[in-house]
Amino acid sequence: MEEKTKCLNKVLRRLPKYSDVREYVLRVSREPIALSRSVKKRALVRYCRRVDRVYEYLAENLLEPLRTLKKLLQVSFYSRIASNALADGLVVDDLVGRLLGKLEVVKKLSREYRSKIAVSFDVAESRELYREYIGRVLSVVRRESKYLELLDRAIVELKKTPCIDLSLPVVAVAGMPQVGKSTLVSTISTAKPKSSPFPFTTKEIVLGHVNYGFIELQILDLPGILDRPPDNMNEIERKAFIVVTEVADLVLFLVDPSEDFYYGFESQLSLLKSLKQWVNVDIFVVINKVDRVSPERVDLVSRAVSEVVLNAPILKISALKREGIEELVDTVVKYLKTSRGESP
Ligand SMILES: Nc1nc2c(ncn2[C@@H]2O[C@H](COP(=O)(O)OP(=O)(O)O)[C@@H](O)[C@H]2O)c(=O)[nH]1
Ligand SMILES: [Mg+2]
């Protein structure tokens with residue numbers, strides 16, 4: 001599948017609920033159908049048209065959106081983001097497969113009843129056949145209504161993911177809650193995510209662009225991650241985890257060196273160690289908030305961190321006071337250029 005910028009919000013459509021489908025079908029069944037004077041067997045023709053309309057509605061509102069979704073789910077990032085929005089253990093690809101399989105029957109039923117109505121004996125028979133048709137179609141959709149609603153939840157989640165160009169480099173900003181991720185992203189990029197003194201302010205993935213000469217970098221602000229195994233993470237933390245494992249070309253791991261940091265330094269170090277194991281790309285540690293701690297404390301934190309990341313750069317910044325920002329962006333751009341085989 002070609003991987004260009006995909007704005008899922010535009011590409012994907014919400015699915016109707018069973019009640020929406022039922023309402024539409026009942027409306028079509030009531031609505032008058034205009035026919036020109038020359039048409040013979042008018043009642044039969046009207047019922048045939050109604051069958052067509054019901055089928056067109058289902059094809060356009062259920063089958064097509066499901067097929068579009070199925071294609072997108074070939075990108076494992078989208079598939080994992082969508083599954084993350086479902087109840088435990090459900091895999092979005094299985095649900096789409098199931099629904100497409102079950103709803104395929106609607107096409108067969110529509111053809112079958114259209115032919116039967118076309119050769120029906122009289123108005124009463126064609127009406128009876130039409131009723132039977134909508135009864136059967138609605139019962140197929142009703143039986144799947146639980147799955148339709150689940151999938152719609154996954155679609156809503158996918159529509160919230162920003163328009164990332166997966167063929168261009170992506171820098172993900174990760175770390176515990178409150179370390180200053182949103183402040184950094186709003187300092188260096190076009191995105192202005194909300195930062196606040198309360199943990200878990202950032203609940204969604206936010207995409208910003210960093211303009212660096214002719215280069216435009218994609219940078220992602222992420223929800224905070226706590227130091228616990230992925231299986232124990234909540235849905236919001238897992239979203240951040242999926243980004244760092246699926247789409248990031250480089251992870252900036254932000255650390256708060258403050259002695260009074262709510263989650264402590266040891267847990268940040270422990271999270272960094274875990275991320276090193278889970279993530280396949282390089283991780284640069286960024287010690288933030290250097291404006292509020294002593295240089296000795298920064299050194300101490302820096303030494304502890306270097307034992308985990310070994311030779312990777314450790315940057316020191318104040319996102320709030322805009323200190324060390326230029327060097328950070330420089331380092332990132334140079335790294336991405338060399339890692340993509342271009343000279344720096
Ligand atoms: N002193 C200081 N405070 C900062 C700095 N960066 C962020 N903060 C503060 O730390 C808190 C959390 O910031 P936020 O960006 O929301 O953190 P996030 O949860 O990691 O996204 C806010 O009150 C910010 O103003 C910094 O460089 N220095
Ligand atoms: Mg944030």
Side-chain angles (χ1 to χ4, degrees), residues 81 84 157 160-162 164 170-210 218-228 233-244 247-248 250-272 274-275 279 283-302 305 313-332:
I81 286 286
N84 187 40
E157 186 60 41
K160 283 193 290 192
T161 56
I164 305 172
V170 175
V171 177
V173 180
M176 288 200 135
Q178 285 292 296
V179 295
K181 298 178 295 299
S182 298
T183 308
L184 173 65
V185 170
S186 69
T187 301
I188 64 175
S189 84
T190 52
K192 299 295 162 228
K194 231 171 81 184
S195 60
S196 93
F198 306 106
F200 296 109
T201 301
T202 312
K203 295 187 172 61
E204 307 296 345
I205 305 160
V206 178
L207 168 68
H209 291 94
V210 182
Q218 300 181 104
I219 189 159
L220 298 177
D221 182 28
L222 301 178
I225 308 178
L226 294 179
D227 177 32
R228 49 186 175 184
M233 288 178 184
N234 65 31
E235 188 189 325
I236 298 173
E237 290 172 272
R238 215 176 293 128
K239 239 189 269 187
F241 182 68
I242 292 169
V243 169
V244 292
V247 293
L250 173 66
V251 175
L252 296 181
F253 183 82
L254 250 67
V255 171
D256 186 332
S258 320
E259 268 150 300
D260 61 352
F261 180 60
Y262 183 76
Y263 298 97
F265 176 61
E266 284 306 316
S267 58
Q268 297 184 82
L269 206 57
S270 166
L271 174 63
L272 175 62
S274 310
L275 278 183
V279 175
I283 302 177
F284 290 1
V285 172
V286 180
I287 302 173
N288 187 29
K289 308 195 187 179
V290 294
D291 60 286
R292 74 186 297 269
V293 293
S294 66
E296 293 74 30
R297 175 72 186 169
V298 175
D299 279 348
L300 189 89
V301 166
S302 179
V305 158
I314 298 170
L315 295 133
K316 292 151 197 172
I317 66 161
S318 164
L320 198 66
K321 302 267 163 72
R322 298 178 147 269
E323 287 165 23
I325 299 299
E326 215 168 300
E327 196 196 335
L328 167 72
V329 177
D330 263 354
T331 311
V332 168

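For ligands, and for the atoms within them, numbers begin at 1 and follow the listed sequence.
- With a 4.0 Å heavy-atom cut-off, ligand 1 is reached by the side chain of Asn288 but not by its N, CA, C or O.
- Excluding waters, the set of protein N/O/S atoms under 2.8 Å from the Mg ion (ligand 2) reads Ser182 OG, Thr202 OG1.
- In this structure, atom 3 (N) of ligand 1 lies nearest to the protein heavy atom Leu320 CD2, 3.7 Å.
- Residue Lys181 has at least one heavy-atom neighbour below 4.0 Å for each of these atoms of ligand 1: 15 (O), 17 (O), 18 (P), 19 (O), 20 (O), 21 (O).
- Distances below 4.0 Å separate heavy atoms of Arg292 from the following atoms of ligand 1: 1 (N).
- Between Gln178 and ligand 1, a contact under 3.5 Å exists for at least one N or O pair.
- With Asn288 contributing its side chain and Leu254 its backbone, the two residues share no donor-acceptor pair below 3.5 Å.
- Counting protein heavy atoms only, atom 12 (C) of ligand 1 is closest to Ser196 O, 3.3 Å.
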Met233 and Ile225: CA distance, side-chain angles, deciding distance, side-chain contact (heavy atoms from CB on, under 4.5 Å) verdict: CA-CA 8 Å; Met233 288 178 184; Ile225 308 178; 3.6 Å; yes
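- To the nearest 0.5 Å, atoms CD1 (Ile236) and CG (Leu222) are separated by 12.5 Å.
- In this structure, Thr187 contributes its side chain and Ala319 its backbone to a donor-acceptor pair below 3.5 Å.
- Rounding to the nearest 0.5 Å gives a distance of 12.0 Å between OG of Ser302 and CZ of Arg297.
- Put simply, CD on Glu326 and CD1 on Ile317 are 13.0 Å apart, with the number rounded to the nearest 0.5 Å.
- Note that the CG atom of Leu320 and the OG1 atom of Thr183 stand 6.5 Å from one another [nearest 0.5 Å].
- At least one N or O atom of Lys289 sits closer than 3.5 Å to an N or O atom of ligand 1.
- Under 4.0 angstrom from ligand 1, the non-hydrogen atoms of Asp291 all belong to its side chain.
- Annotation for ligand 1: atoms under 4.0 Å from non-hydrogen atoms of Ser195 are 14 (P), 15 (O), 16 (O).
- Note that CG of Asn234 is 9.0 Å distant from CG of Asn84, once rounded to the nearest 0.5 Å.
- Nearest approach of Lys194 to Thr202, heavy atoms of both residues: O-OG1, 4.0 Å.
- In this structure a side-chain-to-backbone donor-acceptor pair under 3.5 Å is missing from Lys289 to Val255.
- Between the Gln218 side chain and the Ile164 main chain, no donor and acceptor come within less than 3.5 Å of each other.
- The nearest pair of heavy atoms linking Asp227 to Ser274 is OD1-OG, 4.0 Å.
- Annotation: Val179 places an N or O atom under 3.5 Å from an N or O atom of ligand 1; distance criterion only.
- For atom 17 (O) of ligand 1, the closest non-hydrogen atom of the protein is Gly180 N, 3.1 Å.
- Given atom 7 (C) of ligand 1, the protein heavy atom at minimum distance is Thr183 OG1, 3.3 Å.
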